[in-house]
Chemist: 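Here it is, the structure, as structure tokens.
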There are 2 protein chains.
Amino acid sequence: MDKNEESTLGEITQIMVFKALADPVRLQIVQYLKHIEHEVACGEVGKAINISKTSGSYHFKLLQSAGLITARKEAREKYVTLNKQTFDQFVTNFYENL
Amino acid sequence: MDKNEESTLGEITQIMVFKALADPVRLQIVQYLKHIEHEVACGEVGKAINISKTSGSYHFKLLQSAGLITARKEAREKYVTLNKQTFDQFVTNFYENL
DNA sequence: TAAATAGTTCAAAACTTGTTGAACTATTTA
DNA sequence: TAAATAGTTCAACAAGTTTTGAACTATTTA
């Protein structure tokens, strides 16, 4: 496996990124992660924004496949952070790259 | 009515903007409008990207209510342009404003 | 070893979004 | 005035998304 892989294997498209951001729950997750600025367990985020673990699992998976977060599993917990690179490439520079 | 109104009355939210951009047809429209860089009639865009007029009407309306395009009706035709301000505010600066 | 905790998966249900054609309005051209 | 053109609206349908609870795996703690 390549040394330069991201934790998301599989292609990231512009549509996947905008779809991932086009939901209130996922926007709250992203906001929470930006303000906390270090790794957090999914469960902690879920509690903070008050969603069920099933729903959390669904939303984190979607954010991950859009490349917006990276995840690291340590024992029982899954720690997530924002992947700024994807925001830069697909959001911040969207208009100019159009 | 206010002099500073945009052709979109009604509030623009972050979610509306991302939803509007999370669709392949609308992304093509936006791309077309960016490259052409002057007003174009909806019908011309529709022909260029090969969609029915009903579908075009639906997508232009959605882009308009998200504030991503502004429209001017002249006689039979509706001329549209990108509204760069909305891109700046809700897309380009999304991450830093988070 | 049993119970608790973190997260995933699954199928069903509820909801939202996009496409279609037909009927419509308004404007232009023959 | 009739036909053509540009666009809108509507209802029906198809397709896609989100939420839910129950059952599951894996790890930790008592």
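In the text below, chain A, chain B and the rest are named by the order of the sequence lines, each starting its count at 1. Just so you know, these numbers come straight off a predicted model, no measurement behind them. FYI, side chains are in, hydrogens and waters are out, and symmetry mates aren't considered; it's all heavy atoms of this structure.
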Chemist: Let me know the distance between CD of B:Glu74 and C1' of C:dT27, rounded to the nearest Å.
Modeler: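 So the two atoms are 12 Å apart, to the nearest Å.
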Chemist: When you measure from every atom of DNA chain D, which of residues 24-43 of chain B have a heavy atom less than 4.0 Å away?
Modeler: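 Heavy-atom contacts with DNA chain D come from B:Ala41, B:Cys42, B:Gly43.
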Chemist: If you count every heavy atom of other residues, nucleotides or ligands that lies below 6.0 Å from B:Asn97 atom CG, does the total exceed 12?
Modeler: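 Yes, the 6.0 Å shell around CG holds more than 12 heavy atoms from other groups.
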Chemist: Is the shortest side-chain N/O distance from B:His59 to OP1 or OP2 of C:dT17 below 4.0 Å?
Modeler: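 False: B:His59 side-chain N/O out of range (4.0 Å or more) of C:dT17 OP1/OP2.
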Chemist: When the distance from NZ of A:Lys53 to P of D:dA22 is rounded to whole Å, what number comes out?
Modeler: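 It works out to 12 Å between those atoms.
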Chemist: Please report the interatomic distance CD1(B:Ile36) to CD(B:Gln31), rounded to the nearest 0.5 Å.
Modeler: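 One finds 12.0 Å between CD1 of B:Ile36 and CD of B:Gln31.
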Chemist: Just to be sure I understand the rule, does A:Lys78 reach a base, reach only the sugar-phosphate, or reach nothing, if contact means heavy atoms closer than 4.0 Å?
Modeler: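 Sugar-phosphate, backbone atoms only, no base.
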Chemist: Do you know the tightest heavy-atom contact between A:Leu33 and A:Val80?
Modeler: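 In this case the closest contact between A:Leu33 and A:Val80 is CD2-CG2, 4.0 Å.
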Chemist: Nearest whole Å is fine: how far is C:dT27 P from B:Lys73 NZ?
Modeler: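 About 8 Å, once rounded to whole Å.
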Chemist: Between B:Ser55 and C:dT19, is there a side-chain N or O to OP1/OP2 distance below 4.0 Å?
Modeler: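 Yes.
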Chemist: Side-chain heavy atoms nearer than 4.5 Å, only ILVMFWY residues, links allowed to pass through others: does that put B:Val17 and A:Phe87 together?
Modeler: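 The answer is yes; both residues are in one hydrophobic cluster.
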Chemist: Given that both pair distances must be under 3.5 Å and the pair must be Watson-Crick or G-U, what runs of three or more consecutive pairs involve DNA chain C?
Modeler: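 Expected stems, ordered by start: C:1-30 with D:1-30.
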Chemist: Looking across every strand, which nucleic acid part, if any, lies under 4.0 Å from A:Tyr58 by heavy atom: base, sugar-phosphate, or nothing?
Modeler: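 Base, at least one base heavy atom under 4.0 Å.
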Chemist: Treat each ILVMFWY residue as a node, draw an edge where side-chain heavy atoms are under 4.5 Å apart, and state whether A:Ile29 and A:Tyr58 are in one component.
Modeler: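 No.
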Chemist: Figure out the NZ/P separation between A:Lys61 and D:dT19, and round it to whole Å.
Modeler: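 Going from A:Lys61 (NZ) to D:dT19 (P), I get 15 Å.
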Chemist: Between D:dA6, C:dT28, D:dG16, which one does the side chain of B:Ala75 approach most closely?
Modeler: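 Nucleotide nearest to B:Ala75's side chain: C:dT28.
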Chemist: Which residue pairs pass the salt bridge (charged side-chain N to carboxylate O under 4.0 Å, His left out) test when at least one of the two sits in residues 23-38 of chain B, sequence neighbours left out?
Modeler: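 Qualifying pairs: none.
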Chemist: Measure the CD-CD distance between B:Glu74 and B:Glu39 for me, rounded to the nearest 0.5 Å.
Modeler: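 Between atom CD of B:Glu74 and atom CD of B:Glu39 there are 8.0 Å.
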Chemist: For A:Phe60 and C:dT9, give me the distance from atom CZ to atom P, rounded to whole Å.
Modeler: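 Rounded to the whole Å, the gap is 15 Å.
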Chemist: From C-beta outward on A:Asp23, which listed nucleotide comes closest to its side chain: D:dT20, C:dT17, D:dT18?
Modeler: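 Nearest nucleotide to the side chain: D:dT18.
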Chemist: Tell me: CD1 of A:Ile51 to P of C:dG7, nearest whole Å?
Modeler: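 Rounded to the whole Å, the gap is 11 Å.
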Chemist: As an exercise, state the distance from CE of A:Met16 to CG of A:Leu63, rounded to the nearest 0.5 Å.
Modeler: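 Between A:Met16 CE and A:Leu63 CG, I get 11.0 Å after rounding to 0.5 Å.
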Chemist: Quick one: do B:Leu62 and B:Val25 end up in the same hydrophobic cluster if we chain Ile, Leu, Val, Met, Phe, Trp and Tyr together by side-chain heavy atoms under 4.5 Å apart?
Modeler: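 As far as the 4.5 Å side-chain criterion goes, B:Val25 and B:Leu62 are not connected within one cluster.
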Chemist: Output the distance between atom OG1 (A:Thr13) and atom CZ (A:Phe18), rounded to the nearest 0.5 Å.
Modeler: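 That separation rounds to 10.5 Å.
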Chemist: Choose from D:dT8, C:dC10, C:dG21 the nucleotide whose nearest atom is closest to any side-chain atom of A:Thr54.
Modeler: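 Per side-chain heavy atoms of A:Thr54, the pick is C:dC10.
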Chemist: Starting at CZ of A:Arg76 and ending at C1' of D:dT25, how long is that distance when rounded to a whole Å?
Modeler: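 Checked: the CZ to C1' distance equals 13 Å.
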Chemist: Tell me: CZ of A:Arg72 to P of D:dT27, nearest whole Å?
Modeler: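 Distance, rounded to whole Å: 15 Å.
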